[in-house]
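Naming: A, B, ... by sequence-line order, numbering from 1 per chain.
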Protein chains: 2
Amino acid sequence: MNRSAPGGPPRYHHGDLRRALLTAARALLEERGPAALGLREIARRVGVSAPAAYHHFENLDAIAVALAEEGHAEMAERLDAALAAGAGLLAPMGEAYVAFARANPGLYRLMYGEGFHAASAGSEAVAALRRRTWATLTAGLAARVPAEAVPAAALFLWSLTHGLALLMIDGQTDAADPEAAIRAVLRLAGTGLAKPG
Amino acid sequence: MNRSAPGGPPRYHHGDLRRALLTAARALLEERGPAALGLREIARRVGVSAPAAYHHFENLDAIAVALAEEGHAEMAERLDAALAAGAGLLAPMGEAYVAFARANPGLYRLMYGEGFHAASAGSEAVAALRRRTWATLTAGLAARVPAEAVPAAALFLWSLTHGLALLMIDGQTDAADPEAAIRAVLRLAGTGLAKPG
DNA sequence: TGTACATCAGTGAACGCGCGTTCACTGATGTAC
DNA sequence: TGTACATCAGTGAACGCGCGTTCACTGATGTAC
């Protein structure tokens, strides 16, 4: 343990620079979006020279990929917890999905490739985590719809939550009560927009 | 009319440089995405010096805004046509929406703010066109659901098509037959994911 | 317990790059007389 | 019909900027003996 004592003078060796870089990168991502994710700015925030980052990451892309992996892992956890709360219920899974995106808008965008294509397509770990998310989604739906209908239902639910999350993140909706709007939309996922009569 | 004859030698005065810049910008957008939209590259493609663009646009942001306006106008047209094809039918409107995004993925992303925040938030013309799109959507739904349910239904349908469009654009779905997948998802918008029994 | 030394994790300076934009200019156009 | 001239729409050179990355280096750490 050679980390600086909190409040103490900075030491030459940071102790856990990798972690510190990722934390600063996430903050930057949330403050200014994926397009502003830059190696020099990340290093600046940690209080370290830019080249120091190269002892922990191959390049800037690698930082983006690590962030995307982190994000997918956290989201998979949340969805697993929601599934445990009630397989076959749309509200818990849908709300968990949208809530994650709303709590981490910059990260969520990065996870879907904005700014860094490598972050959504270049990593086997990301691909594996996405498969896990997909499996959670289908497991939840298997309790509700016939087996042959599960793939379409999963794409339906994913599209709905993905789109809703992005619209809310972007401030495209002017809903006075966003949580209520989210619940209303998810309720429609269950009933559909049935024709009258 | 002082435009160069097709195939003829380029003239000093272009004739319709503004239009040519926008056309080149759209091509660039589709080839390399919003992040790669650059003034110098646009000018290069038209075969003109970069400063020439400043006679037609205040700056790069203004080009992005003009593209976003163009995109929203085209999309509004398509949705109006779909509404005419059958108010209250989800398939025509949903398919038109997703088809537009799939045909113009780079433009669609720009319209929702990727790369240039100004393109989705900085223009009154964009805001007006978006309101028009929203009005078309709600008009289509008013024929199908009770008046008090229209706002939630519209957000539902918008979220679904927006999310589906982006997932397809990003190649996140591995559907063998994308059109069939789109139809299946839109069918579920009508019926919902009803609980068994 | 002390010391030599390999290894690890930082540093500052510098590289080349491409960008958006500004500047002073020149060539082309169209209009008034 | 011809000519002077204002205006418009281009040009090339240059600006400053911030970026990702490389380099040769130095300070700190930990391990073998």
Inset, instruction - Identify whether NZ of Lys or CZ of Arg in B:Arg144 sits under 6.0 Å from the centre of the six-membered ring of B:Phe156 and within 45° of that ring's axis. - result: no
Inset, instruction - Could you tell me whether B:Arg19 and B:Glu70 make a salt bridge, using a distance below 4.0 angstrom between a side-chain N and a carboxylate O? - result: yes
Legend entry - Partner residues of A:Glu95 under the salt bridge (charged side-chain N to carboxylate O under 4.0 Å, His left out) criterion, sequence neighbours left out: none
Inset, instruction - Measure the acute angle between the ring planes of B:Tyr108 and B:His162, then classify it against the limits of 30° and 60° as parallel, tilted or perpendicular. - result: tilted
Legend entry - Rounded interatomic separation in angstrom, taking CZ from B:Arg18 and P from D:dG10: 13 Å
Legend entry - Pairs involving residues 114-128 of chain B, ordered by first then second residue, that meet salt bridge (charged side-chain N to carboxylate O under 4.0 Å, His left out) (sequence neighbours left out): B:Arg109-B:Glu114, B:Glu124-B:Arg131
Legend entry - Length of the line joining B:His55:NE2 and C:dC23:P, which is rounded to integer Å: 13 Å
Legend entry - Donor-acceptor contact present, side-chain A:His13 to main-chain A:Gly15, <3.5 Å: no
Legend entry - D:dG10 phosphate, OP1 or OP2, under 4.0 Å from B:His56 side-chain N/O: yes
Distances for protein N or O near nucleotides 18-22 of chain D N or O, under 3.5 Å:
unit_1 : atom_1 : unit_2  : atom_2 : d
D:dC19 : OP2    : A:Arg44 : NH2    : 2.9
D:dG20 : OP1    : A:Leu39 : N      : 3.0
D:dG20 : OP2    : A:Leu39 : N      : 3.2
D:dG20 : OP2    : A:Arg40 : N      : 3.1
D:dG20 : N7     : A:Arg40 : NH1    : 2.5
D:dG20 : O6     : A:Arg40 : NH1    : 2.6
D:dT21 : OP2    : A:Tyr54 : OH     : 2.7
D:dT21 : OP2    : A:Leu60 : N      : 3.1
D:dT21 : O5'    : A:Tyr54 : OH     : 2.9

Legend entry - All pairs passing ring pair (Phe, Tyr, Trp, His ring centres under 6.0 Å) where residues 116-145 of chain A contributes a residue, at least two apart: A:Trp134-A:Trp158
Inset, instruction - Could you name each residue pair satisfying ring pair (Phe, Tyr, Trp, His ring centres under 6.0 Å) that touches residues 30-76 of chain A, not counting sequence neighbours? - result: none
Legend entry - A:His14 (side chain) and C:dG10 (base): donor-acceptor pair under 3.5 Å: no
Inset, instruction - Using a 3.5 Å limit on both pairing distances, list the dot-bracket string of DNA chain D from the 5' end; Watson-Crick and G-U wobble pairs count, crossing pairs take [ ], interstrand pairs take |. - result: .||||||||||||||||||||||||||||||||
